[in-house]
**Q** 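Questions regarding the structure given below will be posed in turn.
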2 protein chains.
Amino acid sequence: MATIKEIAAMASVSRTTVSRVLNNSGYVSEDVRKRINKVIEETGYIPSQQAKSLRTKKTKVIGVILPTIKTETSGRLVAGIDEVLSEAGYQILLANTNLDRQKEIEFLQLLKVRQVDGIILAATNVNDELVEKIKQLDIPFVAIGQEIQGIFNVLYDDYHAARDMTSLFVRKGHKRISFIGVDESDRAVGFLRKKGFLDEMNNNNLSVEDAWVEKGVFNIQSGYEAMARIIQNSTRIPTAVFAVTDRLAIGAMRYLNEHSYTIPDEMAIAGIGASEMSKYVTPPLTTIDYFNESVGHEAAKLILNRTTNHNKEFKKITSNYRLIERDSV
Amino acid sequence: MATIKEIAAMASVSRTTVSRVLNNSGYVSEDVRKRINKVIEETGYIPSQQAKSLRTKKTKVIGVILPTIKTETSGRLVAGIDEVLSEAGYQILLANTNLDRQKEIEFLQLLKVRQVDGIILAATNVNDELVEKIKQLDIPFVAIGQEIQGIFNVLYDDYHAARDMTSLFVRKGHKRISFIGVDESDRAVGFLRKKGFLDEMNNNNLSVEDAWVEKGVFNIQSGYEAMARIIQNSTRIPTAVFAVTDRLAIGAMRYLNEHSYTIPDEMAIAGIGASEMSKYVTPPLTTIDYFNESVGHEAAKLILNRTTNHNKEFKKITSNYRLIERDSV
DNA sequence: ATTTTGTGTGTAATCGATTCCACAATTAAT
DNA sequence: ATTAATTGTGGAATCGATTACACACAAAAT
């Protein structure tokens, strides 16, 4: 691999001049420019991004921290981020925490060391240590999915989405509605979605039996088990179940199918996430599309805006959503 | 952010010595080491990976080129790659081609500019230009999913997987088996899987009507349409359909469901990929698990081996697979 | 006719590390 | 007692770019 020095020598000019035609900055005569371009062409020379970054302090790399890379949600998010970023000549440096909180913090450090121009974090649980770390990092930062004071956020409207879905159940005539959530330390998925559900129930003067409210984790099996517990422990069996993720919903459906409950007649069900799967289960699942890809777009735009314009006023974007009514409710 | 120079000054030693304790190389007295570590501790100094890479020519970054990041397959693959890589202190620089062949080549260039220590390519179609480019790149390289002569490969056993699946249909008593493939310019998914199917059919003296062989692209809708064409154009309606991906299969199932064919009685169906969805459609889809995650592991190990040991003898790993028999056949 | 402005090019410092080499000061070996 | 090896430290070159500054020359403005 040739260096700028060699190119300069071959074209009988100084490195400065070569650098000028590379970045077309400053004055270069047409003759010289041609001569240099010819040499560049012939040698297939490409300047080292490495050296350039060292000097300019810009890497054109954005770090993306994900709780997992295996899910569709993450995939769509990254695709969205990448679309905007690559358009602007940036690339993504991936950091997969596998839901390990300690790793989240380590990665923050690691990405800083690598001098990324910005960091996008798909957040799950936010703890003080993390927030503290983010703030002292002093790198353009965008958090997706969880609100963090004092930094840029792109949020899902978990509360209203949950209310809307609950409201749909109510409109369909359900009065005994059960709920499968996740731990409330996850403020967005755990706390806000549950609050949306409860508030809407309350709003309609509908009571919620304790046994109707169950908790799972982010996988299908967990939805299956939660549904089982609801059925087994309820004094009055509910007529509907609202699961806070599609996977939980699909697990629940599985339980219902295996135990011959007809959906939606004996038990209506809905999820959140608009996973591809949701469309092809039987019956097709009513769910909420969070437009992950466009959330990715927003996050990427935000971070670019922050890096290039040094925009400092913190911004919170709440993305919209769409309730997809299918046959499970 | 402090630099090594400042640390050196604060500890009243030379940069050389600081560098020594950083990389614990060479001789440093216990006294001095402690003094330097104290300063490092206090200032929270972290050496610039940037500057280090420039000097050492190692970035500890591996470029991963994907045809798409939205699918489960990609997600699992990346998760597998990341698992091994991050363990070894490497990170992933993502490049998403969105199935654009020209971009594939551009990214090769781009990753080289960024001086990645190696490149993993999840290949779809291989053309001469690409192969040529890869070879002149002179960077440790591993291709996943498509065999490329002269470079490292981690392959799926498409041919035998397809034969096995076909053989399953035959054992179940099917004689009129149809096939939904993809374009044969995709040697692995298009050509080899089809060849496996045809060879096994031939092996069992079963003929294949032209109308039974259809082609789609990598999405669900396309499977739906292909199934429609098969039903509409066949003189003798087949009793089974083998789709080369789960999505195609699920699209086909959808058509069959809508047109009231019972699965598997009137029409048996199978796919390849073991997507999460395949388990939850009705009936659960018989498919083949390619162990994407462990393929990711292998690819990562291979590239690390190649970068660190300068292992030069080309290696081809064919990963194994598992036929998952469910209720659709 | 002198000053200013616009063009074109090069010298050398700089970014923040690593590393070769030189040089002391000890300690061990002959 | 001399030589050799071990241990400890620093000076300065280096990686491959960018960029502030200086300088020369031509054209335009005064």
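Residue numbering restarts at 1 for every chain, and letters A, B, ... go by the order of the sequence lines. Computed from a prediction, not measured in an experiment: that's the story for all the values here. Keep in mind that the numbers below use all heavy atoms, side chains included, and drop hydrogens, waters and symmetry copies.
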**Q** What I want to check is whether an N or O donor and acceptor connect the side chain of R33(B) with the base of dG8(D) at under 3.5 Å.
**A** no

**Q** Can you check whether K57(A) has a side-chain N or O nearer than 4.0 Å to OP1 or OP2 of dT18(D)?
**A** no

**Q** Between K5(B) and dC15(C), is there a contact of a side-chain N or O with OP1 or OP2 at under 4.0 Å?
**A** no

**Q** Of I46(A) and V13(B), whose nearest nucleotide on DNA chain D comes first from the 5' end?
**A** V13(B)

**Q** Atom CG of D31(B) and atom C1' of dT9(D): how far apart are they, to the nearest Å?
**A** 13 Å

**Q** Starting from C1' on dG6(C), measure out to CD on E30(A) and report it in whole angstrom.
**A** 17 Å

**Q** Taking 4.0 Å as the cut-off, does a side-chain nitrogen or oxygen of Y27(B) come that near to OP1 or OP2 on dT7(D)?
**A** yes

**Q** When you check the gap from the basic side-chain N to the acidic O, do E293(A) and K70(B) get nearer than 4.0 Å?
**A** yes

**Q** What is the distance, rounded to the nearest whole Å, between atom NZ of K60(A) and atom C1' of dA17(D)?
**A** 16 Å

**Q** What is the distance, rounded to the nearest whole Å, between atom CD1 of I4(B) and atom P of dG10(D)?
**A** 12 Å

**Q** For a quick check of understanding: with a heavy-atom distance under 4.0 Å over all strands, which category does V32(A) fall into, base, sugar-phosphate or nothing?
**A** sugar-phosphate

**Q** If you go through the side-chain atoms of R15(B), does one of them form a donor-acceptor pair with the base of dG11(D) closer than 3.5 Å?
**A** no

**Q** Do the side-chain N or O atoms of S14(B) get closer than 4.0 angstrom to the phosphate oxygens (OP1, OP2) of dG11(D)?
**A** no

**Q** Does the pair E104(B)/K133(B) count as a salt bridge with the N-to-O cut at 4.0 Å?
**A** no

**Q** Send over the distance from R55(B) CZ to dG16(D) P, rounded to a whole Å.
**A** 10 Å

**Q** Give one of base, sugar-phosphate or nothing for S29(A), where a contact means two heavy atoms less than 4.0 Å apart.
**A** sugar-phosphate

**Q** Rounded to whole angstrom units, what separation is found between the CD atom of Q50(B) and the P atom of dC15(C)?
**A** 14 Å

**Q** In plain terms, say whether E298(A) and K301(A) are close enough for a salt bridge, that is, a side-chain N and a carboxylate O under 4.0 Å apart.
**A** yes

**Q** I want to verify a distance call: between dA17(C), dT18(C), dT9(D), whose nearest atom is closest to the T17(B) side chain?
**A** dT9(D)

**Q** Tell me: CG of N24(A) to P of dG8(C), nearest whole Å?
**A** 14 Å

**Q** Using whole Å, what does the distance between atom C1' of nucleotide dG8(D) and atom CZ of R20(B) come to?
**A** 8 Å

**Q** Any side-chain N or O of S19(B) under 4.0 Å from OP1/OP2 of dA17(C)?
**A** no

**Q** Determine whether any donor atom in the side chain of T16(B) lies under 3.5 Å from an acceptor atom in the base of dG11(D), or the reverse, and answer yes or no.
**A** yes

**Q** Are K316(B) and E147(B) ion-paired here, with the side-chain N under 4.0 Å from a carboxylate O?
**A** yes

**Q** Going by heavy atoms in the side chains, are L302(A) and V154(A) under 4.5 Å from each other?
**A** yes

